Amino acid sequence: MIAKMDDSTLLEALKKYFGFDGFKGNQKPIIENVLSGKDTFVSMPTGGGKSLCYQLPALLMPGTAVIISPLISLMKNQVDAIRGYCEKDAVAHFMNSSLTKAQLELVREDLRNGKTKLLYVAPESLTKQDNIDFLRSIEVSFYAVDEAHCISEWGHDFRPEYRRIRPIINEIGAHPLIALTATATPKVQHDILKNLGMENLAVFKSSFNRPNLLYEIREKTDDVDKGIVKYILNNPHKSGIVYCMSRSKVTTFAQVLQANGIKALPYHAGLDAKERADNQDAFLQEEIDVIVATIAFGMGIDKPDIRYVIHYDMPKSLEGYYQETGRAGRDGGEGRCIAYYSPKDLEKLERFMKNKPISEQEIGKQLLAETASYARTDACRRVFLLNYFGEECDFEVCNNCDNCLNPKKKVEAKELLLNVLDVVSSLKEKFKADYVISLLKGEDSADAQSFGHDQLECFGIGKDEDEDLWQAVILQAVISGYLEKDVESYGVLKLTAKGKKYMKKPVSFKVAYGEEDSDEEDGIAESTSRGSGGAGGAVDPALFSMMKDLRKRMGQQQNVPPYVIFQDASLEAMATFYPITLEELQNIPGVGKGKAKRYGQQFLDLIKCHVQDNEIERPEDMRVRTLPDKSKVKVNIIQQIDRKVALDDIAVSNGLEFDELLDEIEAIVYSGMKINISYFVEEAMDEDHIQDIYDYFMEASSDDLAEATKELGNEYSEDEIRLIRIKFLSELAN
């Protein structure tokens, strides 16, 4: 604690150490509160200047500020930054597992001599008794808990070690505490304050609105790689981040970008510390343009001019999404946030939670449900995000998200809202949105029967409306304050006072639903189109139709379903880029060397003839290069299958989950290579099951997994269906 500084002295210190002429947002009152020795809670969006809130007080106060941070990369980044402002490196150090004993001793020497004003410590390092004993021997000015949301199980990056911070602080010695986070819902904030024992404190919450960020959701299709490559190539020399769900996807997609002439490197926890640090430095020093990272591993990148953040896969929570998108446009300039949404991605994340305790599963499911609602909403995405973080906003349209730039028509939904409120009330406010919709639709589920809800007057009152419309009504009702989701009860819908008042005196209530108001295309319209049935994605529908006829004839001649020869997505790409050589054909998604040789020539002849007859000028600009099929992992998998190694053992040896291994094997088979997994299938599965699934694919019009799962029923697991689909395609298509 130091005596209160007048405004001019504080501004002089700001200018001296950081070169700024004035404070930003709430920085000044936060810093004054820390200097006065009071506990402080700070909720501020990424780019708002959180770090300065503890860095400047640390430089001004006697002793050393202990900064508890979860990310080794972030520590290094911030230590480098603070050293850049000061004359001597000793002013800031970090203490974590990356240091050798000799390096750790040098850090301790600077601390003993009072040279170090900021010490960054990983929570794991803080729990070690020798570190606790050492910190008790030096003068501590205050503690700062960075990324404080890690304390809460409802936070997007829960770290059990963070739960032990308060007892350890008490053991070292009580001093003022500042907790900082960029993503705190009201529930998470409550958890932070309770766990850290912060009672007599000042709370500073900045707006979560980042008006310079453009939020956009795109449907995730088979050509997601091409879409991202095209976007990056159209934005040369701009810094960007691409987030992927798994380490293997990070590695392979970084290679895809490199193959297309894009300067990109991977970044995930599986890389050794030196490679990870080198890749981070290359990004910060603008030796590369793009970093590809896992959504599960925080980047800790403090780079102000990141112009786009692309989510190849949706994250498992909106807190994670918000924090990751927040790395774009931290300088207030352009920032585009594009996320590719597929329900299958969230289903995969839900499967990963199956072995966790029930309470963790329920929390995880609720967080995923919020993410799905955000991805599917037709309302303003910015309003949705602000509402999620407990912030009211005075606008309904932000004009800087895909839904506002391409608005859906608004339909009157007063009666629908009354129906929803009536059902929530009849259910005594004890059920979540999906069950409310189930009752509105009149679905005769086991739960409805056991609770007697199928006898309610409101049962089936909304059976004629689409589920998506009911989702939109409930979402807008939450945003408008008529309903609220009880976080403690994992998302149970509750009536608010405003909602109860509405039931007595309803007024007009409109929701965005249906087609766009305008057919005009702008820069975002093409990218946010939702789905492409038939030849929807093809430039040349006439060629697409002719190729479908050719595919059908070839299928009849060879006694295989047409989709076995080429998938619709491959035909659409052919009708867009007009390949006329085998080499060009292999650049088409889903067409490898084997498939091109076996089936390609007749299609190439047809395309060449069509191009000549219609004097078509073939596009040369967007031939996205895919990775060679014989990458190290794929070669290894093929060799192990040839040796008849069990597939689950192959997955383990290649560091893959079983479904990730199936992804790799499917890519091999779809590229046209023939492999034999019968040895594994016949041992792992019942003979009748094998034949039933095989017969299904023989008769089916497509190899769509969702369709197959629906038709075959619950008797067969998804993995079983995928295995037989691989066997089927390999034997008949390759």
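A quick note: this is a predicted structure, and the numbers were derived from the prediction, not measured. The first residue in the sequence is number 1, and the count goes up from there.
Figure legend: Arg376 and Tyr341 shown without cation-pi pairing, the cationic atom not lying both under 6.0 angstrom from the six-membered ring centre and within 45 degrees of its axis. In this structure, Arg108 forms a cation-pi arrangement with Phe134, its terminal cationic atom sitting closer than 6.0 Å to the ring centre and no more than 45° off the ring axis.
Arg276 and Asp272 are not joined by a salt bridge, as no carboxylate oxygen comes within less than 4.0 angstrom of a charged side-chain nitrogen. Salt bridge status for Glu105 with Lys101: absent, with no side-chain N to carboxylate O gap under 4.0 Å. Comment: Glu171 does not engage Arg166 in a salt bridge, judged by the lack of any side-chain N to carboxylate O separation of less than 4.0 angstrom. A salt bridge is defined here as a Lys NZ or Arg NE, NH1 or NH2 lying under 4.0 Å from an Asp or Glu carboxylate O, and Lys205 with Glu391 fails to meet this definition. Of the charged side-chain nitrogens involved, at least one lies within less than 4.0 Å of a carboxylate oxygen, so that Asp7 and Lys28 count as a salt-bridged pair. Contact check on Glu109 versus Arg112 returns a salt bridge, with a Lys/Arg side-chain nitrogen under 4.0 Å from an Asp/Glu carboxylate oxygen. Ionic pairing of Lys50 and Glu147 is not present here: no N-O contact between side-chain nitrogen and carboxylate oxygen is shorter than 4.0 angstrom. Between Lys115 and Asp89, none of the side-chain N atoms (NZ, or NE/NH1/NH2) sits under 4.0 Å from a carboxylate O, so this pair counts as no salt bridge.
The shortest distance between side-chain heavy atoms of Val292 and Leu265 does not fall below 4.5 Å.
If you check the side chains of Tyr321 and Tyr374, you find a donor sitting under 3.5 Å from an acceptor. Between the side chains of Thr181 and His149, at least one donor N or O sits under 3.5 Å from an acceptor N or O.
Remark: side-chain polar atoms of Thr116 are not paired, donor with acceptor, to backbone N or O of Leu118 under 3.5 angstrom. The main-chain N or O of Pro211 is found under 3.5 Å from a side-chain atom of Asn400 such that the two form a donor-acceptor pair.
Applying the salt bridge (charged side-chain N to carboxylate O under 4.0 Å, His left out) test between Glu216 and each of Arg382, Arg336, Arg381 identifies Arg336 as the sole match. Looking at Phe389, Phe384, Tyr388 one by one, the single match for ring-ring contact (aromatic ring centres under 6.0 Å, His included) with Phe208 turns out to be Phe389.
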Next item on the list: Decide salt bridge (charged side-chain N to carboxylate O under 4.0 Å, His left out) for Asp331 and Arg307; before the verdict, give the C-alpha distance in whole Å, the side-chain angles of both, and the deciding distance to 0.1 Å.
Entry: CA-CA 10 Å; Asp331 57 1; Arg307 293 292 161 237; 2.6 Å; yes
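The six-membered or imidazole ring of Tyr243 lies near that of His311, with a centre-to-centre distance under 6.0 Å.
Relative orientation of the Tyr482 and Tyr502 rings is tilted, given thresholds of 30° and 60° on the angle between their planes.
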